[in-house]
Participant: 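Sharing a structure below in structure tokens format, with a few things to ask.
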Amino acid sequence: QVQLVESGGGLVQAGGSLRLSCAASGGTFSNYRMGWFRQAPGRDREFLVRINRSGDMTYYADSVKGRFTISRDNAKNTVYLQMNSLKPEDTAVYYCAASSLLYGSSRVADFGSWGQGTQVTVSS
């Protein structure tokens with residue numbers, strides 16, 4: 001199983017931007033589909049976006065489409081989440097996750113490896 005470590009979270013004002021990074025180790029990064037999720041207090045973990053192995057196909061949840069952008073650098077074993085036009089409702093712990101499935105999925109259960117999460121807080 002690949003190990004994942006997120007970074008880049010923090011406190012930002014509404015309308016601002018943050019870039020999250022997720023570094024992978026212990027596996028062949030390019031073998032994994034990658035995704036970003038978030039979880040706010042008292043709520044279920046929410047799918048945000050996923051990217052395929054080569055990085056040329058992505059799929060976004062409606063809640064972040066047009067504001068967030070996922071990318072990956074297989075040479076650096078890292079996936080990124082660029083977040084623009086942040087809103088207070090984006091406040092949550094953000095997780096990256098890896099899936100070894102041969103097809104794309106947005107289900108939490110289809111991602112076998114998870115990072116520890118990074119807190120993003122958007123003030124109004």
Side-chain angles (χ1 to χ4, degrees):
Q1 293 278 39
V2 64
Q3 288 80 51
L4 305 172
V5 178
E6 302 96 335
S7 60
L11 174 64
V12 64
Q13 288 189 331
S17 298
L18 281 175
R19 189 194 195 203
L20 306 183
S21 299
C22 172
S25 62
T28 304
F29 181 65
S30 59
N31 285 349
Y32 293 90
R33 297 174 181 268
M34 299 299 296
W36 284 96
F37 295 74
R38 68 186 177 192
Q39 189 165 19
R43 303 190 66 175
D44 291 337
R45 194 162 295 191
E46 175 191 10
F47 165 80
L48 300 178
V49 59
R50 67 177 189 254
I51 190 167
N52 68 345
R53 292 175 176 81
S54 59
D56 59 354
M57 291 184 64
T58 58
Y59 179 80
Y60 292 86
D62 288 343
S63 58
V64 302
K65 194 176 298 181
R67 299 190 299 125
F68 291 10
T69 303
I70 190 172
S71 61
R72 68 188 295 164
D73 186 337
N74 286 344
K76 295 183 177 180
N77 292 345
T78 302
V79 62
Y80 305 96
L81 184 65
Q82 177 67 44
M83 306 187 294
N84 299 329
S85 303
L86 284 162
K87 308 174 183 179
E89 51 264 42
D90 293 319
T91 295
V93 177
Y94 283 68
Y95 298 89
C96 70
S99 172
S100 59
L101 295 182
L102 297 179
Y103 56 88
S105 172
S106 303
R107 297 174 62 237
V108 169
D110 288 335
F111 288 80
S113 298
W114 293 83
Q116 82 289 349
T118 186
Q119 176 71 46
V120 171
T121 302
V122 184
S123 63
S124 57

Participant: Please give me the minimum heavy-atom distance between Leu101 and Arg53, naming the atom from each residue.
Facilitator: O-NH2, 2.8 Å
Participant: Apply the side-chain contact (heavy atoms from CB on, under 4.5 Å) test between Val12 and each candidate in Thr91, Leu86, Thr121; give the one that qualifies.
Facilitator: Leu86
Participant: For atom CG of Asp56, decide whether the heavy atoms of other residues, nucleotides or ligands shown that lie under 6.0 angstrom number more than 12.
Facilitator: yes
Participant: Considering all heavy atoms of both residues, which atom of Asp73 and which atom of Phe29 are nearest to each other, and what is their separation?
Facilitator: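 Closest pair (atom of Asp73, atom of Phe29, distance): O-CE2, 4.1 Å.
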Participant: To the nearest 0.5 angstrom, please state how far the SG atom of Cys22 sits from the CG atom of Leu4.
Facilitator: 4.5 Å
Participant: Where is the tightest heavy-atom contact between Leu48 and Val64, given as atom of each residue plus distance?
Facilitator: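 Shortest heavy-atom contact: O-CG2, 3.5 Å.
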Participant: Take Gln119 and Leu11 through the side-chain contact (heavy atoms from CB on, under 4.5 Å) test and state the conclusion after the steps.
Facilitator: CA-CA 8 Å; Gln119 176 71 46; Leu11 174 64; over 6 Å; no
Participant: How long is the straight-line distance from CE of Met34 back to CG of Asn74, given to the nearest 0.5 Å?
Facilitator: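 The CE atom of Met34 is 9.5 Å from CG of Asn74, to the nearest 0.5 Å.
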Participant: With side-chain contact (heavy atoms from CB on, under 4.5 Å) as the criterion, how do Asn52 and Arg72 come out once you've worked through the C-alpha distance, each side chain's angles and the decisive distance to 0.1 Å?
Facilitator: CA-CA 9 Å; Asn52 68 345; Arg72 68 188 295 164; 5.7 Å; no
Participant: Distance check, rounded to the nearest 0.5 Å: Ser124 atom OG versus Lys87 atom NZ?
Facilitator: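 One finds 14.0 Å between OG of Ser124 and NZ of Lys87.
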Participant: For Ala24 and Val2, which heavy atoms make the closest approach, and how far apart are they?
Facilitator: CB-CG2, 3.6 Å
Participant: Gln116 versus Val93: any side-chain heavy-atom pair under 4.5 Å?
Facilitator: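 No, side chains not in contact.
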Participant: Please give me the minimum heavy-atom distance between Ala92 and Ala40, naming the atom from each residue.
Facilitator: CB-N, 3.8 Å
Participant: Of the non-hydrogen atoms in Gly26 and Gln3, which two are nearest, and what is the gap between them?
Facilitator: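 Gly26 and Gln3 have their closest heavy atoms at CA-OE1, 3.6 Å.
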Participant: Quick one: does Glu6's side chain have a donor or acceptor within less than 3.5 Å of a partner on Cys96's backbone?
Facilitator: yes
Participant: Any chance the rings of Tyr95 and Phe111 have centres within less than 6.0 Å?
Facilitator: no
Participant: From the options Tyr59, Phe37, Tyr60, select the one residue that forms a side-chain contact (heavy atoms from CB on, under 4.5 Å) with Val49.
Facilitator: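 Passing option: Tyr60.
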Participant: May I ask you to test the Arg67-Met83 pair for a side-chain heavy-atom distance under 4.5 Å?
Facilitator: no
Participant: Working to the nearest 0.5 Å, report the span between CG of Leu18 and OG of Ser21.
Facilitator: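 Result: 11.0 Å between the selected atoms.
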Participant: What residue pairs, at least two apart or across chains, pass side chain to side chain donor-acceptor pair (under 3.5 Å) with a residue in residues 28-39?
Facilitator: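 Pairs touching residues 28-39 that pass the test: Arg38-Glu46, Arg38-Asp90, Arg38-Tyr94, Gln39-Arg45.
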Participant: For the pair Leu20 and Val120, evaluate side-chain contact (heavy atoms from CB on, under 4.5 Å) and give the outcome as yes or no after the intermediate values.
Facilitator: CA-CA 9 Å; Leu20 306 183; Val120 171; 4.1 Å; yes
Participant: Return yes if some donor-acceptor pair links the side-chain N/O of Asp110 with the main-chain N/O of Gly104 below 3.5 Å, else return no.
Facilitator: no
Participant: Check step by step if side-chain contact (heavy atoms from CB on, under 4.5 Å) holds for Thr69 and Tyr80.
Facilitator: CA-CA 8 Å; Thr69 303; Tyr80 305 96; over 6 Å; no
Participant: Side-chain contact, heavy-atom cut-off 4.5 Å: Val108 with Asp44?
Facilitator: no
Participant: Hey, quick one: are Val79 and Phe47 part of the same hydrophobic cluster, counting side-chain heavy atoms closer than 4.5 Å, chains of contacts allowed?
Facilitator: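 In one cluster with Val79: Phe47, no.
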